[in-house]
Undergrad: 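Below is the structure I would like to discuss, written out as structure tokens.
None of these values were measured; they are calculated from a predicted model.
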Amino acid sequence: MDNSEQTKNLPTVLADELSSHLTCPICGRLYSEPVISIKCGHTFCKKCAFCASICPVDGYQCDTTQLVVNRLVVGQIEDLLIYCQYGVMKQNGDFVSDPSGCQEKIQIGKRSEHESQCSFAPLPCPNSEVHCGRFRKSELESHTEVCPYLPCSHGNKGCEFTGTKDQISEHLNHCGYRGLQNSVSIKDFNLQTRLLEENNKELRDHVNVLENKVVLLEGSKTSIQTQLETCVREITSLQSKYDNLQSTLDQLMSGRNRRSITSPGNTGDYSLRSRSNSSSNLSGTKRSPSTSIREEHWQMPFVFKCIGTLKGHKDIVWCLATKRYKVFSSGSDSTIKVWDMENLAKGCIKTMEGHTGTVHSMAVHEDSLYSAGDDRSIRVWNAKTFEEEKCVENAHDNIISAMIVAGEYLFTSTFSLIKVWEIRSLTFKTVISGLHHWVRALALSMSKDSLFSGSHNTIDIWNTVEPFNLKGKIDHTFGSVYSITVTPKYVVAGTYNRLIQVFDVPTYKHVSTLKGHISTVTSLAISYSGRFLISGSADLKVMVWDLENMLPIQTLQRHDGSVNTVIVVGDFMLSGSEDNKHVISS
């Protein structure tokens with residue numbers, strides 16, 4: 001395959017203005033595989049020449065049997081200077097130079113030579129691309145120094161341990177595979193052992209299920225026996241009453257003058273009246289919570305009750321956001337749906353389409369909604385008309401996991417970095433790099449002058465205005481941070497290891513651990529007073545906490561899948577889940 005065939009589908013951004021002598025007279029763009037017509041002497045793109053029947057220059061009939069490669073033009077094109085493909089990004093439908101990428105200007109003919117060695121080329125983590133993702137070639141070495149998926153050097157003997165370099169070094173001191181020779185039989189033995197253990201576990205689980213069913217059947221048998229005995233006693237009693245009535249009737253009928261059994265004044269007529277109890281529900285009631293959206297009316301003791309379920313997404317719900325009395329929900333079906341909290345009976349009032357993958361994050365600023373996710377694009381929507389206004393394609397090299405607005409800037413995070421954009425124009429401002437692993441959570445201080453970013457074993461604190469410098473760090477050993485919220489008193493972080501960690505403001509010292517969930521704490525929301533905390537988890541539960549005494553108040557379990565997002569809207573709480581639904585509680 002020649003060089004043009006290899007590169008014709010790659011993004012091409014010229015470093016200098018294109019000469020009109022190198023543009024095809026048919027399509028008006030830079031020649032692609034230029035060929036010259038022997039009949040008329042004019043040059044066209046090969047594809048254009050086969051599509052045209054008349055030469056647009058002199059009107060002669062095009063004869064595709066008389067086309068040859070114009071090697072002079074090919075040479076001129078290969079000398080043109082372009083930007084490296086790792087230094088461009090797609091913005092508003094066109095590729096433009098990316099200030100955060102490679103800044104080399106290279107000849108088209110030497111493109112493959114440069115890009116095969118470019119330090120900005122994305123490469124997969126050699127230890128685990130699934131868990132770690134891809135990195136620029138220049139950053140890959142620094143990542144491998146802290147990668148938590150480095151395999152044990154005895155892996156070829158059967159050891160499956162992975163960890164950081166320090167963890168591997170400590171593990172090697174007591175690894176059970178030390179001293180063993182490389183042996184296929186050891187691996188086979190380990191494999192067979194694991195298979196036997198799995199089979200035994202399945203058998204034990206099956207036996208446990210059968211034993212539980214037997215216990216349930218025994219309990220049902222006892223219950224049915226008790227009910228049967230009760231029924232027999234009732235039948236015996238009724239039979240006795242019937243016999244007594246029959247005997248009395250026989251005695252009354254035996255006389256000549258049978259007495260009437262109708263009482264004076266009783267006509268034998270009667271009517272039944274039932275009291276009508278009205279009840280309201282989500283589908284038939286127009287709720288008007290706009291007066292309670294601005295402030296919180298929670299006083300202990302209180303209990304949240306589910307008042308309804310909103311269904312509309314065809315796949316997992318990942319994120320919720322609110323603008324006054326409008327609620328936005330996004331998910332794996334690539335859509336954003338709009339709901340009116342003042343009239344929930346209408347259901348979904350608008351479906352916003354444009355993304356081509358899961359929408360993981362949203363943020364609201366004034367009359368604009370910002371969204372991002374798997375397709376690595378950032379889209380801006382009008383929060384009143386629900387129409388798309390701007391789009392930045394390929395804004396990141398990886399999935400965009402979180403976003404937040406602070407002042408005049410939009411912050412978006414992904415694997416090991418945060419990008420800063422000007423909020424009005426969505427122009428790229430700068431990049432904050434070198435963070436630990438995935439940055440899944442972003443939050444602002446109460447004064448909005450500090451940005452908190454959560455990653456593996458650390459919470460970084462950044463200035464929200466230029467130069468966006470690091471103001472402080474909260475180092476810890478609690479694992480990856482999946483959610484963050486900030487109150488006037490505390491920084492609260494939900495982690496992968498099922499716990500919620502609470503740090504003091506402004507000392508950032510660890511003050512408490514909230515225990516109650518049994519899986520990753522995926523989302524956190526705070527009440528307007530800052531006293532009450534709402535947490536969602538992959539264990540299907542939503543929990544309410546009192547931060548004054550660090551104790552749980554209530555546990556709600558209305559979802560059939562992982563709870564991925566929770567928000568507070570006045571006196572209402574909304575939660576979104578992998579069961580494709582979001583639940584409203586009040």
Undergrad: Any side-chain to backbone donor/acceptor pair from S483 onto V521? Under 3.5 Å, distance only.
TA: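 Here the side-chain-to-backbone pair exists.
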Undergrad: Which atom pair, heavy atoms only, marks the closest approach of G479 to N457?
TA: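 Minimum heavy-atom separation between G479 and N457: N-OD1, 2.8 Å.
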Undergrad: Go through the steps for I349 and K326 under the test side chain to side chain contact (heavy atoms under 4.5 Å, CB included), then give the verdict.
TA: CA-CA 10 Å; I349 62 173; K326 295 294 189 297; 3.8 Å; yes
Undergrad: Does the side chain of T555 come under 3.5 Å of the side chain of K541 through a donor N or O and an acceptor N or O?
TA: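 The answer is no; no qualifying pair exists.
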Undergrad: So, the side chain of S445 versus the backbone of S450: is there a donor-acceptor pair under 3.5 Å, distance only?
TA: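 Judged by distance alone, yes, a pair lies under 3.5 Å.
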Undergrad: For a quick test of reading the model, state the closest non-hydrogen atom pair linking S562 to S577 and the distance between them.
TA: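 For S562 and S577, the tightest heavy-atom pair comes out as O-OG, 3.0 Å.
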Undergrad: Taking R498's backbone N and O only, do any of them form a donor-acceptor pair with K515's side chain (distance below 3.5 Å, no angle check)?
TA: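 A pair under 3.5 Å: no.
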Undergrad: Using a distance-only test with no angle check, is there a side-chain donor-acceptor pair under 3.5 angstrom linking W545 and S535?
TA: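 S535 and W545 do have a side-chain donor-acceptor pair below 3.5 Å.
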Undergrad: Can you tell me if T335 uses its side chain to pair, donor with acceptor, with the backbone of G331 under 3.5 Å?
TA: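 Judged by distance alone, no pair lies under 3.5 Å.
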Undergrad: I need the minimum non-hydrogen distance between V481 and T458, along with the two atoms involved.
TA: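 So the two residues come closest at CG2-O, 4.3 Å.
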Undergrad: Taking CD in Q167 as the centre, count heavy atoms belonging to other residues, nucleotides or ligands within less than 6.0 Å. Is the count above 12?
TA: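 Counting neighbours around CD of Q167, more than 12 heavy atoms of other residues, nucleotides or ligands fall under 6.0 Å, so yes.
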Undergrad: Is it the case that the side chains of E387 and N382 hold a donor-acceptor pair, with the cut-off being a distance below 3.5 Å and no angle test?
TA: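 No, E387 and N382 have no side-chain donor paired with an acceptor closer than 3.5 Å.
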Undergrad: Heavy atoms, side chains only, cut-off 4.5 Å: are T513 and V502 in contact?
TA: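 The answer is no, as the side chains (C-beta and beyond) never meet within the 4.5 Å cut-off.
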Undergrad: Quick one: are Y490 and Y508 in side-chain contact, heavy atoms under 4.5 Å?
TA: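 No; the side chains remain at least 4.5 Å from each other.
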Undergrad: Between V569 and L574, is a side chain to side chain contact (heavy atoms under 4.5 Å, CB included) present by the stated rule, with each step listed?
TA: CA-CA 8 Å; V569 185; L574 289 80; 3.8 Å; yes
Undergrad: Measuring from K221:NZ to T226:OG1, what's the distance to the nearest 0.5 Å?
TA: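 Result: 11.5 Å between the selected atoms.
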Undergrad: For T414 versus I399, what's the shortest heavy-atom pair and its separation?
TA: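 It is OG1-O, 2.6 Å.
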Undergrad: Flag yes if more than 12 heavy atoms outside H174 fall under 6.0 Å of its NE2 atom; otherwise flag no.
TA: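 More than 12 within 6.0 Å, yes.
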Undergrad: Is any side-chain heavy atom of I500 closer than 4.5 Å to a side-chain heavy atom of L533?
TA: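 Yes, their side chains come closer than 4.5 Å.
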Undergrad: Would you say the rings of F532 and F302 are close, in the sense that their centroids are separated by under 6.0 Å?
TA: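 Yes, they do, as the ring centres are separated by less than 6.0 Å.
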Undergrad: Got a second to check how far D560's CG is from D579's CG, nearest 0.5 Å?
TA: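 Here the interatomic distance stands at 5.5 Å.
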Undergrad: Please confirm whether the backbone N or O of L216 pairs with a side-chain atom of S220, one donor and one acceptor, at under 3.5 Å?
TA: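 Side chain of S220 to backbone of L216, a donor-acceptor pair under 3.5 Å: yes, one is there.
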Undergrad: If you look at every heavy atom in V568 and I534, which pair is closest and at what distance?
TA: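 Smallest heavy-atom distance, with atoms named: CG2-CG1, 4.0 Å.
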Undergrad: Assign the ring pair F328 / F386 to parallel, tilted or perpendicular, where the plane angle (0 to 90°) is split at 30° and 60°.
TA: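 Because their plane-to-plane angle is over 60°, the rings of F328 and F386 count as perpendicular.
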Undergrad: Scan side-chain atoms only and decide if T236 and R233 contain a donor-acceptor pair under the 3.5 Å cut-off.
TA: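 R233 and T236 do not have a side-chain donor-acceptor pair below 3.5 Å.
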Undergrad: Atom CZ in R204, atom CG in N199: separation rounded to 0.5 Å?
TA: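 Result: 10.5 Å between the selected atoms.
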Undergrad: Do M573 and V542 come within less than 4.5 Å of each other through their side chains, counting heavy atoms only?
TA: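 They are in side-chain contact.
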Undergrad: Is there a side-chain contact between T164 and L150, using heavy atoms and a 4.5 Å cut-off?
TA: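 The answer is no; the side chains never approach within 4.5 Å.
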Undergrad: Looking at side-chain heavy atoms only, is the closest gap between H313 and K337 below 4.5 Å?
TA: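 Side chain of H313 against side chain of K337, heavy atoms only: contact under 4.5 Å found.
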Undergrad: Mark yes when over 12 heavy atoms from residues, nucleotides or ligands other than F161 sit less than 6.0 Å from its CZ; otherwise mark no.
TA: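 Atom CZ in F161 is crowded, with more than 12 foreign heavy atoms closer than 6.0 Å.
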Undergrad: Any side-chain heavy-atom pair from S329 and C319 closer than 4.5 angstrom?
TA: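 Not touching, per the 4.5 Å side-chain cut-off.
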Undergrad: Is the backbone N or O of V359 less than 3.5 Å from a side-chain atom of S330, with the two atoms forming a donor-acceptor pair by type?
TA: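 Between the backbone of V359 and the side chain of S330 there is a qualifying donor-acceptor contact (under 3.5 Å).
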Undergrad: Rounded to the nearest 0.5 Å, how far does CD1 of I378 lie from NE2 of H355?
TA: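 One finds 9.5 Å between NE2 of H355 and CD1 of I378.
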Undergrad: State the CD1-CZ distance between I567 and F572, to the nearest 0.5 angstrom.
TA: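 Those atoms lie 12.0 Å apart.
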Undergrad: Stepwise, does the side chain to side chain contact (heavy atoms under 4.5 Å, CB included) test hold for T162 with C152?
TA: CA-CA 6 Å; T162 59; C152 174; over 6 Å; no
Undergrad: I need the T495 OG1 to I484 CD1 distance, nearest 0.5 Å.
TA: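 The CD1 atom of I484 is 11.0 Å from OG1 of T495, to the nearest 0.5 Å.
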Undergrad: Are K509 and D504 ion-paired here, with the side-chain N under 4.0 Å from a carboxylate O?
TA: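 So K509 does not pair with D504 through a salt bridge.
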Undergrad: Hey, is NZ on K489 packed in by over 12 heavy atoms from elsewhere, all under 6.0 Å?
TA: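 Result for NZ/K489: open.
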Undergrad: Are L547 and T487 close enough that some pair of their side-chain heavy atoms sits under 4.5 Å apart?
TA: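 They are in contact (side-chain heavy atoms under 4.5 Å apart), so the answer is yes.
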Undergrad: Salt bridge check: are D546 and R531 linked by an N-O gap of less than 4.0 Å?
TA: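 Counted as a salt bridge, because a side-chain N and a carboxylate O are separated by less than 4.0 Å.
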Undergrad: Examine the side chains of T358 and W318 and answer whether a donor and an acceptor come within less than 3.5 Å of each other.
TA: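 No, because no side-chain N or O of T358 sits under 3.5 Å from a partner of the opposite role on W318.
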Undergrad: For S401 versus S361, what's the shortest heavy-atom pair and its separation?
TA: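 In terms of heavy atoms, the two residues are closest at O-CB, 4.0 Å.
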Undergrad: For the pair F478 and H510, name the ring-plane relationship: parallel under 30°, tilted 30 to 60°, perpendicular over 60°.
TA: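 It falls in the tilted class, 30° to 60°.
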Undergrad: Measure up the H456 and H437 rings against each other and bin them: parallel (under 30°), tilted (30 to 60°), perpendicular (over 60°).
TA: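 H456 vs H437 ring planes: tilted.
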Undergrad: Would S537 and V563 count as a side chain to side chain contact (heavy atoms under 4.5 Å, CB included) here? Give the steps.
TA: CA-CA 5 Å; S537 170; V563 180; 5.9 Å; no
